[in-house]
Number of protein chains: 2
Amino acid sequence: MATSLTLPDLDPTSDRAVFRQIADHIRQAIERGQLREGDKVPSEAQLMQHYGVARMTIRHALQVLQSEGLTVAEHGRGVFVRSHPPMRRLASDRFARRHREQGKAAFIAETEDAGGKPSVDSIKIDEVKPPVEIAERLSLGPNDRVIARSRRYLINGQPVETAISYVPMEIAKDTKIMEPDSGPGGIYARIEEKGYRLDHFVEDIKCRMPLRDEARALKLAPGVPVFHLVRTAYAADGTPVEVCDTVMSGDAYVLSYELPAR
Amino acid sequence: MATSLTLPDLDPTSDRAVFRQIADHIRQAIERGQLREGDKVPSEAQLMQHYGVARMTIRHALQVLQSEGLTVAEHGRGVFVRSHPPMRRLASDRFARRHREQGKAAFIAETEDAGGKPSVDSIKIDEVKPPVEIAERLSLGPNDRVIARSRRYLINGQPVETAISYVPMEIAKDTKIMEPDSGPGGIYARIEEKGYRLDHFVEDIKCRMPLRDEARALKLAPGVPVFHLVRTAYAADGTPVEVCDTVMSGDAYVLSYELPAR
DNA sequence: CTGTAGTAGACGTATGTACGAGTTGAGGAG
DNA sequence: CTCCTCAACTCGTACATACGTCTACTACAG
């Protein structure tokens, strides 16, 4: 029952559009904690009654909030204040060799430590001609081919990240990199076994709205942006040996990096 | 004149909503390059005619695209394919001492190198009680006070970033940190002069939709997310000496970090 | 007690209408 | 030729209405 949420009335003297005023009221209620995560926003019918406006106007206001990522509408149930999933922190030492040597994939270990149930699905392995940006990063020629390993990561069944790793054929051939289970320590361990000692990674991060496919793959609510992270792994001699292209649900991650001041 | 953009017809057998089909058509035209940055999307009236649907349906489709950040509507002019500003790359060595010693602020130097006209405005300096998250990061007690330096960065007159630096009063007092012009090398140089040798920084990065104030301050188009970056500077003895809270236009930046593999 | 059908309530999609407000360009007044 | 007015076009806001679909709950039949 909508206990006691009291929304202000419209200000007829304001030149601010009615739907914006209504959106402002609800936004303020959320910011002030009068509406909390998971709470039901008054129904369209109730809001129509309260404000004495047409349904389209109410819907317009609600849509503003939804595109701001503040609320989610559930068909047949109502509009709810969005609850934010537990944030996953990615630390900049997550690819340190000491982690790799434990034999467990970083994602699995970290998620279990945080009390979540990790899973991985949609594993797909293809031999392809790499997209140009990938080929550039790997210093490959136009005819070189790569192994592309795609997968999707989930926590408690909720997808949080998709990733595609590209490894030059030259490096991947005759290794478990070409198999769904790449073995203990993951593909970085296999690359090192092949004689490439990993030296450092470079991560390029963008922030943008998801494409349609990405929104579907990550089951993103409207109004949730994504991190688009492209990581290149370099061997000690400076050779790029892998590029990993990942898209992460923006509301599920905090990225954390340590920079030297020297 | 709308030279020759030909949009498909609706698929009456599809159970995909009409406004989504229309949004799909226009999105595809953009993705295929039939509509390029800055191009005008056919007007609502033209689309109504083409598809034979009501105006609200067209507007709904256009709103989908706008919230995806693909288009911008300009009152009285039309709807246009969004043009993306030149991306600014932030490298992870941008706070290296060698840069600091040149005496020029990092933002100014980098922007000029890239051929842009940098500027900074809205500089404000206050002595305040820090927000709790900031106080935690600075290991301050509940009664400690800090100097908060706010400013906004612009490139070619277009705002791209707002930032607030928090420096403990203990460190800031009797230095140029309390003045609008903090002197050559910026506040990090002043902090080091005070005897704190900077050792490293930690940056925590989130990605989200802007708040109303942020959207206004950065003149963000609808559908553009922001980076929210909080950087903590640590002295050699592990003392946190500064926290910088910045919000960056998501479509103006690529963040780049180098991670060791050891 | 259980399962099912019905129903009320909630959001989703779509049509039609009306008027407001910013932009642009053409044509007329000076 | 220049300036101004005005019309046409564009998007913005708002109302009223209708029907579809999903959810949750109730009441009835078995």
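Chain letters run A, B, ... following the sequence lines, proteins first, then strands; residues in each count from 1.
Nearest to the side-chain atoms of Ala17(A) among the listed nucleotides dC11(C), dA14(D), dC11(D) stands dA14(D). Among the nucleotides dT10(D), dG12(D), dA14(C), the one closest to any side-chain atom of Lys40(B) is dT10(D). For Ser43(B), the side-chain atoms get nearest to dC11(D) when compared with the rest of dT13(D), dT13(C), dC11(D).
Going from atom CD1 of Ile58(A) over to atom P of dA16(D) covers 12 Å, rounded to whole Å. Taking atom CD on Glu44(B) and atom C1' on dG16(C), their separation rounds to 15 Å, with Å as the unit. The distance between atom CZ of Phe19(B) and atom P of dT15(C), rounded to the nearest whole Å, is 12 Å. One can place CZ of Phe80(B) at 10 Å from C1' of dT23(C), the figure rounded to the nearest angstrom.
Ion pairing between a basic and an acidic side chain is recognised when a charged N comes within 4.0 Å of a carboxylate O; Arg94(B) and Glu203(B) show such pairing.
For dG9(C), neither phosphate oxygen OP1 nor OP2 lies less than 4.0 angstrom from any side-chain nitrogen or oxygen of Arg77(A). Close to dG12(D), at under 4.0 Å from its OP1 or OP2, lies a side-chain N or O of Arg59(B).
Annotation: of the two residues near DNA chain C, Thr57(B) and Ala45(A), the 5′-most nearest-nucleotide partner is Ala45(A). Comparing Glu74(A) and Met56(A) along DNA chain C, the residue whose closest nucleotide (by nearest heavy atom) sits nearer the 5' end is Glu74(A).
Side-chain to base pairing of His75(B) with dC11(D): one donor and one acceptor N or O lie within less than 3.5 Å of each other. For Arg55(B) and dG12(D), a side-chain-to-base donor-acceptor distance below 3.5 Å is present, hydrogens and geometry of angles not being considered.
Other residues, nucleotides and ligands place more than 12 heavy atoms under 6.0 Å from the CD atom of Gln34(B). The number of heavy atoms from other shown groups lying within 6.0 Å of CD (Glu74(A)) is above 12.
In this structure, Arg16(A) reaches neither bases nor backbone, as no heavy-atom distance under 4.0 Å exists between it and the strands shown.
Within the 3.5 Å criterion, the main-chain N or O of Glu179(B) finds a donor-acceptor partner in the side chain of Arg149(B).
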